[in-house]
2 protein chains.
Amino acid sequence: MARIITGNDLSRKDVILNAAAALFREKGYKAASMRDLAEKVGVEAASLYNHIRSKTEILHDICFNIATLYSDHMDQVETSTASSLKKVETVLRFQINQMIHNYAEVYVADREWQYLAEPHLSTYQNIRHTYRKRLNAIITRGIENNEIKEVNVPSAIWIMLHAISGIESWHRSKTKVDPAVLEENIISILIDGLRKN
Amino acid sequence: MARIITGNDLSRKDVILNAAAALFREKGYKAASMRDLAEKVGVEAASLYNHIRSKTEILHDICFNIATLYSDHMDQVETSTASSLKKVETVLRFQINQMIHNYAEVYVADREWQYLAEPHLSTYQNIRHTYRKRLNAIITRGIENNEIKEVNVPSAIWIMLHAISGIESWHRSKTKVDPAVLEENIISILIDGLRKN
DNA sequence: CCTACCGATCGGTAGG
DNA sequence: CCTACCGATCGGTAGG
C-alpha cells in the first residue's frame with residue numbers, strides 16, 4: 001500500500017514537472033506564477049507543495065534531467081566506433097530530435113537555466129562547458145584524421161548548437177516544415193559544411 | 001531655454017534606455033525591477049516616471065529602435081548593386097557587428113520581445129517576419145542566378161540568424177576570441193556553405 | 001527629483 | 001488536497 005502511494009506520488013510530480021516545463025516555455029520562468037501552474041495541474045497553489053519543495057526546485061529538476069539525458073547520449077557517441085564526422089552527425093540528429101519531440105523541457109533547460117539558484121547554477125554551467133569540450137574533442141580528432149575540414153572549432157560548435165536551439169521558433173511558426181525535412185536540411189547544411197572534400 | 005530642457009530630457013531618457021537594456025539583458029525583463037533600474041541610473045524609482053511612461057514602454061522603445069535599425073540596413077542592401085551572395089554577406093556582417101558592439105539592445109530585442117504588450121507585440125512579430133522574407137528573397141534570387149547553391153532557403157535562414165544570435169554567449173565566455181576573428185570564422189563557415197562551387 | 005504610499009501579486013506556510 | 005493567510009516585492013501614483 002505504501003508503495004502504491006509512493007508510485008502515485010512520483011507520477012504526480014511528473015505531471016507537475018511537465019506542466020511546469022510547458023508553462024515556463026510559454027511565459028518564461030519569472031513570469032510564470034505558481035498559481036498559473038496550479039491552474040494548469042488542476043489544484044490550488046498550496047497543494048503543489050505536497051509534491052515539490054519550491055519553484056526553483058522545479059526548474060532545477062527540468063534542467064538537470066535534460067543535462068543527464070544529453071551527457072548520457074554523449075557517453076554512447078564517444079564509445080561508438082563511428083567516424084568523427086558520423087559522431088558529430090549523431091550528436092546533431094539527437095539534439096534536433098530532442099528539440100522537436102521534447103520541446104518544452106529542452107527549451108527551458110536551454111534558455112531559463114540562468115534562474116537556477118547557487119550552487120546549482122555553477123554546476124549547471126560546468127556541465128554545459130564539459131559537453132562542449134567533448135564535442136570539441138570529436139571535431140578536433142576529425143580534423144586530425146582529415147575527415148573534417150580545418151574550421152575554427154569553437155566557431156563551428158557555436159554555429160551548430162545555436163542553429164539547433166533556434167528550432168524553438170519552428171514550433172511557433174505558422175507554416176511548419178515537416179520535422180523530417182527540417183532535420184535533413186539542417187544536417188545537410190551543417191555536415192556538408194564540415195566535410196573535407 | 002525650453003530647447004535646452006528638451007535636450008536634457010531626451011538625453012536623460014537615453015541614459016535610462018541604455019541602463020534598462022543592460023539590466024534586461026542581465027536579469028531578463030520580468031526579473032528586472034524598476035527599483036533595480038533606478039539604482040543603476042542613480043535616482044529613486046518614482047523619479048524614472050518623469051522620463052518614461054511605464055516599464056513596458058522601455059521595452060517597446062528598445063525593441064523598435066533595433067527593428068528600425070535593421071530594416072534601414074536592409075533597405076540599403078536591397079538597393080545596392082552587389083551580387084546576391086555579397087548582399088547576404090553584408091547582412092550577416094552587419095548583424096554580427098551589432099551583436100558584438102550593440103550587444104544589450106540587440107539581445108533584448110531578440111530574446112525579450114515576447115513581453116511586449118499588444119498591439120505592439122503583433123506589430124513586432126510582423127516586422128520580424130518581413131525582415132526574414134526580404135532575406136529569403138535575396139537568397140532565392142541568388143539561387144536563380146546560380147550564385148548560391150540550392151539549399152532549402154528557410155532552413156538556411158534559420159541557421160544563419162540563430163548562429164549569429166548565439167554570439168550572445170560569446171560575450172559571457174571567459175576565453176574571448178577576438179571579435180574580428182569570430183566574425184571572419186562565422187562568415188567563412190556560413191558563406192562558404194552557401195557558395196555554389 | 002524625493003517621500004510616502006497604493007493595490008495587486010508573488011512564493012510559500014499553518015493547520016486541518 | 002483545501003482554506004486562510006503571511007511578509008515581501010512589484011509597477012505605479014499623489015503631492016510637493
Side-chain angles (χ1 to χ4, degrees), chain A residues 1-2 4-21 23-24 26-63 108 112-118 120-121, chain B residues 1-2 4-21 23-24 26-63 108 112-118 120-121:
Chain A
M1 191 60 176
I4 291 169
I5 289 166
T6 306
N8 285 339
D9 210 48
L10 278 173
S11 130
R12 202 85 185 107
K13 180 163 182 178
D14 285 343
V15 168
I16 292 171
L17 288 181
N18 287 336
L23 186 69
F24 293 170
E26 285 166 36
K27 310 188 77 168
Y29 175 74
K30 283 286 179 183
S33 75
M34 294 304 276
R35 283 155 179 87
D36 291 336
L37 178 56
E39 193 182 356
K40 206 154 188 158
V41 174
V43 296
E44 290 301 315
S47 304
L48 294 170
Y49 291 87
N50 291 302
H51 305 284
I52 53 105
R53 262 184 277 268
S54 62
K55 188 183 180 186
T56 199
E57 190 203 55
I58 297 176
L59 182 63
H60 174 273
D61 285 357
I62 293 171
C63 291
V108 170
E112 305 290 319
W113 59 267
Q114 59 175 308
Y115 299 111
L116 285 169
E118 291 289 6
H120 309 296
L121 178 59
Chain B
M1 192 58 178
I4 292 168
I5 289 169
T6 306
N8 284 341
D9 208 50
L10 278 173
S11 132
R12 202 84 186 109
K13 179 163 183 179
D14 285 342
V15 168
I16 292 171
L17 288 182
N18 286 337
L23 186 69
F24 293 171
E26 285 166 37
K27 312 188 75 167
Y29 175 74
K30 283 286 178 180
S33 75
M34 294 304 278
R35 283 157 180 86
D36 291 336
L37 178 58
E39 192 182 354
K40 205 153 191 161
V41 173
V43 295
E44 291 301 317
S47 305
L48 294 171
Y49 291 88
N50 291 302
H51 304 284
I52 52 104
R53 263 183 277 268
S54 62
K55 188 183 181 187
T56 198
E57 191 204 54
I58 298 176
L59 182 64
H60 173 273
D61 285 358
I62 293 170
C63 291
V108 170
E112 304 290 318
W113 58 267
Q114 59 176 309
Y115 299 111
L116 286 168
E118 292 289 6
H120 309 296
L121 178 59

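Worth saying up front: this structure is predicted, and the values here are computed from it rather than measured.
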Using whole Å, report how far [atom1] of [X] lies from [atom2] of [N].
X	N	atom1	atom2	result
A:Glu44	C:dG15	CD	C1'	16 Å
A:Asn50	C:dG12	CG	P	14 Å
A:Leu37	C:dG12	CG	P	11 Å
B:Glu39	C:dC2	CD	C1'	16 Å

Check: [Y] main-chain N/O paired with [X] side-chain donor or acceptor under 3.5 Å:
X	Y	value
B:Asn18	B:Val15	no
A:Lys55	A:Ala32	yes
A:Asp14	A:Ser11	no

task: Grab the two heavy atoms, one from A:Ala20 and one from A:Ile58, that are nearest each other, plus how far apart they are.
output: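 Looking at all heavy atoms of both residues, the shortest contact is CB-CG2, 3.4 Å.
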query: Can you name the closest pair of heavy atoms from A:Ala31 and A:Asp36 and give their distance?
result: O-OD2, 4.0 Å
message: On DNA chain D, does the nearest nucleotide to B:Ala46 precede the nearest nucleotide to A:Val41 from the 5' side, or the other way round? Give the residue.
response: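 Its nucleotide being nearer the 5' end, the pick is A:Val41.
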- request: Please report the C-alpha distance between B:Glu39 and B:Leu23 in whole Å, then the side-chain angles of each, then the deciding distance to 0.1 Å, and finally whether the side-chain contact (heavy atoms from CB on, under 4.5 Å) criterion is met.
  value: CA-CA 11 Å; B:Glu39 192 182 354; B:Leu23 186 69; over 6 Å; no
task: Give the ring-plane orientation class for B:Tyr115 versus B:Tyr29, where under 30° counts as parallel, over 60° as perpendicular and anything between as tilted.
output: parallel
query: With pairs taken as Watson-Crick or G-U wobble and both distances under 3.5 angstrom, which stems of at least three consecutive pairs involve DNA chain C?
result: C:1-16 with D:1-16
task: State whether A:Arg53 places a side-chain N or O below 4.0 Å from either non-bridging phosphate oxygen (OP1 or OP2) of C:dG12.
output: no
message: Can you tell me how far apart CD (A:Glu26) and NZ (A:Lys40) are? Round to the nearest 0.5 Å.
response: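 The distance works out to 3.5 Å.
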Pick out the pairs of N or O atoms, protein on one side and nucleotides 9-11 of chain D on the other, that lie under 3.5 Å.
{"unit_1": "D:dG11", "atom_1": "OP1", "unit_2": "B:Ala32", "atom_2": "O", "d": "3.3"}
{"unit_1": "D:dG11", "atom_1": "OP1", "unit_2": "B:Lys55", "atom_2": "NZ", "d": "2.9"}
{"unit_1": "D:dG11", "atom_1": "OP2", "unit_2": "B:Met34", "atom_2": "N", "d": "2.8"}
{"unit_1": "D:dG11", "atom_1": "N7", "unit_2": "B:Arg35", "atom_2": "NH1", "d": "2.7"}
{"unit_1": "D:dG11", "atom_1": "O6", "unit_2": "B:Arg35", "atom_2": "NH2", "d": "2.9"}

